[in-house]
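By convention in this document, chain letters (A, B, ...) are assigned in the order of the sequence lines, proteins followed by strands, and residues within each chain are numbered from 1.
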2 protein chains.
Amino acid sequence: MKNFHHVDYCPVRDILSRLSSKWAMLILITLNANGTMRFNDIQKSIGDISQRMLAVTLRTLEYDGLVGRKVYPEVPPRVEYNLTERGQGLIPYLEGLIGWAITNMPQILDERAKKEMIV
Amino acid sequence: MKNFHHVDYCPVRDILSRLSSKWAMLILITLNANGTMRFNDIQKSIGDISQRMLAVTLRTLEYDGLVGRKVYPEVPPRVEYNLTERGQGLIPYLEGLIGWAITNMPQILDERAKKEMIV
DNA sequence: AACATTAGTTACATCAATGTAACCTACTAA
DNA sequence: TTAGTAGGTTACATTGATGTAACTAATGTT
């Protein structure tokens with residue numbers, strides 16, 4: 001029986017735990033779609049993310065080098081975010097997942113609805 | 001500014017919220033690697049998943065038609081799990097993500113380590 | 001002097017996900 | 001009759017993720 005992980009440390013689990021936060025993928029996709037964006041732009045684009053969670057999530061993405069952050073020393077402050085090369089490299093795989101979701105969700109929802117009726 | 005989601009309902013968020021549980025992708029990958037497996041096989045293969053979380057996660061995967069469940073009316077019970085066609089369709093995209101993780105994690109870890117030193 | 005601006009931070013509350021341990025069934029073997 | 005088996009479930013505790021609201025800095029505008 002093949003076993004695809006070390007219980008100790010697994011890079012896949014590691015990266016998935018980052019991406020699987022509620023907002024991470026959404027932010028990456030948004031930045032990819034729009035290019036460079038300011039903090040408030042991202043927040044408006046996503047619509048229902050709190051200031052706090054946007055800040056928190058951007059920090060972890062920046063920490064892992066997926067997102068770049070550029071501060072302009074102005075008042076009021078201006079901060080621009082963009083995908084790094086590494087972040088861009090991740091996009092095709094996220095889009096693969098998204099494409100699959102869009103293709104398959106209608107039927108999944110359909111089936112879910114039928115199951116709810118029984119319950 | 002492009003906006004890729006409805007705040008109300010978004011199939012991508014929906015499916016991601018399922019996949020981004022701690023164990024879901026791992027179970028899918030494990031089933032893909034091994035074919036049909038029994039409950040205890042999956043648990044042993046993953047190694048550190050609790051009985052409860054394996055049961056819970058398998059239920060949601062089954063609910064969305066990604067995993068099939070076949071019960072043999074024997075004692076002690078025998079239950080076999082396998083990927084459905086839909087589940088198999090998801091695998092290439094998961095593997096894309098995994099491949100990216102394996103490729104990129106070494107450098108990410110390297111950078112993290114350097115940042116820790118400063119903190 | 002008071003107000004608006006942008007990009008946050010902080011303390012705190014709450015909700016969701018996960019973990020632990022005990023229990024269950026129905027049958028077989030010792 | 002007691003123990004073992006496979007595949008769970010249940011109640012409960014704990015951890016982790018997310019949300020809310022108030023606050024901040026430094027400057028320009030009214």
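One end of the helix from dA1(C)-dT30(D) to dA30(C)-dT1(D) points its axis 30° away from the other end's axis, with each axis taken from 5 pairs and the angle rounded to 10°.
Under a hydrophobic clustering in which Ile, Leu, Val, Met, Phe, Trp and Tyr are joined whenever their side-chain heavy atoms come within less than 4.5 Å, directly or via other members, Y72(A) and V75(A) fall into different clusters.
The side chain of Y81(A) places no N or O atom within less than 4.0 Å of a non-bridging phosphate oxygen (OP1 or OP2) of dT6(C). Side-chain N/O atoms of R69(B) include one lying less than 4.0 angstrom from OP1 or OP2 on dG8(D). For dG8(D), the OP1/OP2 oxygens have no side-chain nitrogen or oxygen of R52(B) closer than 4.0 Å. Note on R59(A): a side-chain N or O is less than 4.0 Å away from OP1 or OP2 of dG8(C). Contact check, K22(A) against dA16(C): no side-chain N or O comes under 4.0 Å of OP1 or OP2.
Checked against dG7(D), dG19(D), dC27(C), the side chain of V75(B) finds its nearest nucleotide in dC27(C). Closest approach to the M53(B) side chain among dT18(C), dT5(C), dT18(D) is made by dT18(C) (side chain taken as heavy atoms from C-beta onward). Checking dG19(C), dA7(C), dT18(C) against every side-chain atom of S21(B), the shortest atom distance belongs to dT18(C). Across dG7(D), dT5(C), dA7(C), the shortest atom-to-atom separation from the side chain of F39(B) is found for dG7(D). Side-chain proximity of N40(B) to dG19(D), dG7(D), dT6(C): nearest is dG7(D). Taking the side chain of A55(A) as heavy atoms from C-beta on, and the options dG19(D), dG8(C), dG8(D), the nearest nucleotide is dG8(C).
We find that CD of Q51(B) is positioned 19 Å from P of dC12(D), with the value rounded to whole Å. Here dA7(C) presents its P atom at 14 Å from CD1 of I49(A), a figure rounded to the nearest Å. Going from atom CG of L54(B) over to atom C1' of dT9(D) covers 13 Å, rounded to whole Å.
The side-chain heavy atoms of L28(A) and V67(A), taken from C-beta on, include a pair separated by under 4.5 Å. Counting only heavy atoms from C-beta outward, the side chains of S21(A) and T57(A) approach each other to under 4.5 Å.
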Show your reasoning for whether side-chain contact (heavy atoms from CB on, under 4.5 Å) applies to I108(A) and D14(B). CA-CA 11 Å; I108(A) 292 178; D14(B) 187 324; over 6 Å; no

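Interatomic distance, T30(B) OG1 to Q43(B) CD, rounded to the nearest 0.5 Å: 12.0 Å.
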